[in-house]
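Structure first, then comments.
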Amino acid sequence: MTRPTSGSGRQRTPSGRAAGSRSAQPRQAQPARRQGTSKQAATPQRKQGGAQPRKSQPVKAEPKGRAASKGRAQPKGGAQPKGGAQPKARVPKGKAQPKARVQPKKTQSRATSTRLGFQAPEGASNRAAQSRPAPSRVAQPLPPRPGRPEVRQRWLVGMAAVVVLIFLVRLVHVQLIEGPSLAEEAEKARTATAVTPAHRGDITDANGVVLATSVDRYTVVADPFAIKDFRGAGRPDVDGKKVEDGALGIAQLLAPILDVPKNELAAQLVGETRYRVLAKNVVPQVQRAIADLGIRAYIRTDLTSRRTYPSGTVAGSLVGFVNDEQTGQGGIEAAYDDLLSGTAGSDTYERSLDGLRIPAAGQESVPAVPGDDVQLTLVHDIQWKSQDAIDDAVRKSGSEYGIAIVQDVRTGEIVALADSGATDPNDRSTAAVASGSRAVKDVFDPGSTGKVITMAAALEGGYWTPNSRFTVPDTYTTPNGQTFHDSHDHPVQRLTLTGVLAQSSNTGTVQVGEKIPIQTRQDYLEKFGFGQSTGLGLPGESVGLMPPDDVSTWDGRTQYTVLFGQGLSVNAMQATSVFSTVANGGVRMTPTLFEGSTTPDGETTRAAREPGERVISEETADTVLKMMETVTEDGGTGTNAVVPGYRVAGKTGTAQMPAGNGWTYMASFIGVAPADDPRYTVAVFLKSPGSSIFGGEVAAPVFSDVMGFTLQKMDVPPSESASRRLKTEW
């Protein structure tokens, strides 16, 4: 903007040209210019005589560089003529000024007219022209055109169409491409599968007495993550108090049923986990009480099974036990786990957010298949008697432990297999329940009971007869320089082969074996089952220790010690089987505890019995049996094994065993009855007896007690004839 100078009273236009004297020009409204225009507004003029002003007409903008007053003459002088006529302003030479028009009252500032983009009224231009020459004008921008709604609508419709298209594409992608996988994931999220445990089969004795069975129990499980949203909703607890929200409220309802402190239970119900076990082996009555609380979305009860053993310690070490998953871990439970376990079922269903089953949704149930019942050859009462007798013998003799076995000689079936101090499978507080039966896992030298094999080999090979004569000192040295002793000092005895067995002489047995080839000695040990599995299939069984198969590697002493039961080791079942083989006419039957199985439908399958393996001839077996009868008769070492009314054949044993830095003994007695018609073999073993190391003194009485009870329990008639005694001396 230019300002007037004090000297000339003239004003510069934007083009630099003089606009005339300011004092000579009346003050009129002039459109404001962006450069070099005045900010003063024009003053409206009134006509004399009250004439109404005429409306001024807008003047079109001139092209840039053209003068605003082109072609118009400016009046001379600065005075205003009468009657409101505009004075003539000075104008550049050669240009005429048109007559002034009557100006309206309404005026407008130059700045305003310029900003609005249109020319000031014609009167205002005239007044400005009177004061100074019109400068050249610059073209003004056109005013903005009014908005067009149809364009905006088109944009909105287009944007909406794009959004709809995006959603449509996403919908198609979700429904057609991702649809199957999303539906599958959603179904999995709302589908639950409950495993239905199979009822484990029972274990019974030969007469159906239950030794192991399963009962329904429940595991109480909490969902701490969901419990955070539990609301008591004003319901009362068992004491009538208002149930709180969250974990404390659940504890108020559940603690009295589980019989646990409320605060302790509430602490277990806090957390982010979805699975926390609160109680196991809950009985059905407690489970029903929990179900009545109506809090299944937060607390559930899973059906499980608990194994119980009604007979307690009776056959406890033999029956074994199961783990938390109801899998057999020892004894019969492990040996026949495939039959007992059955097949678990399942129940698949859809559930709501609160954990409840959706009735109308799809469900699939696979019923559980119960396991088979397993029937053993054990007789509960004989098993109980055997355990009671061996426990009593251990107490009286001060032994470390004892073993008692009863076997049916005709079938090989085990009627009783007892360990002293038998554990109760119901008591899982100690690891003793997992120890298994010592009858198959502990090994020891057979001792003098092994002399029966030597006598059978001597007779079967024709090397000696029952009446063969031997001179027997208490100390004997073999041709290879090995010296052996009897268990006690005695003068030289004149004994028959039968007498050597009846007196259990080591020196006499060594003399008997000198005729038997070393390979034959090895062969008969194997024929009678030493160094082999018994066939019972019980976990932890040991087959014992045998001399090398290559007899040429045997040292000079081992070839004689095996004749009287040293230099090798066996388990109690292997030693018992030798006597059952002799009593069965020389045929060795595989020992067994399995009588058969019964399916849930009641179909019974009996165990297949192998025909047995002949070890010695029936004649040899009968002769050896008669020779063993002399052991229990007067002058023998096993007179304490007599059973009134029955003929008894047997053999005492005192085996030396290493113990730490010293030695200990296994005292034993194994016998059969009735000797005239053998039915059962009874074997008794006592380790480290304190009262006596001789089997005839500590083990034979236990044999008599157990054998007498067995014969009566099984209704075995007494012997009808007395034995025909063989000569023991010459």
Has [X] got a side-chain atom pairing as donor or acceptor with [Y]'s backbone, closer than 3.5 angstrom?
X	Y	result
Asn571	Ser542	yes
Ser704	Val642	yes
Thr632	Val648	yes
Arg647	Glu629	no
Thr652	Gly696	no
Gln387	Thr313	yes

Worksheet entry | Which residues share a ring pair (Phe, Tyr, Trp, His ring centres under 6.0 Å) with Tyr524, sequence neighbours left out |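 For Tyr524, no residue satisfies ring pair (Phe, Tyr, Trp, His ring centres under 6.0 Å) once neighbours in sequence are set aside.
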Ion pair [X]/[Y], N-O distance below 4.0 Å:
X	Y	value
Arg679	Asp715	no
Glu595	Arg606	yes
Asp392	Lys396	yes

Worksheet entry | Enclosure of Asp292 CG (heavy-atom neighbours >12, cutoff 6.0 Å) |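 Result for CG/Asp292: enclosed.
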Discussion item. Among Thr534, Leu536, Thr592, exactly one meets side chain to side chain contact (heavy atoms under 4.5 Å, CB included) together with Ile414. Which residue is that?
Written reply: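 Considering Thr534, Leu536, Thr592, a side chain to side chain contact (heavy atoms under 4.5 Å, CB included) with Ile414 is found only for Leu536.
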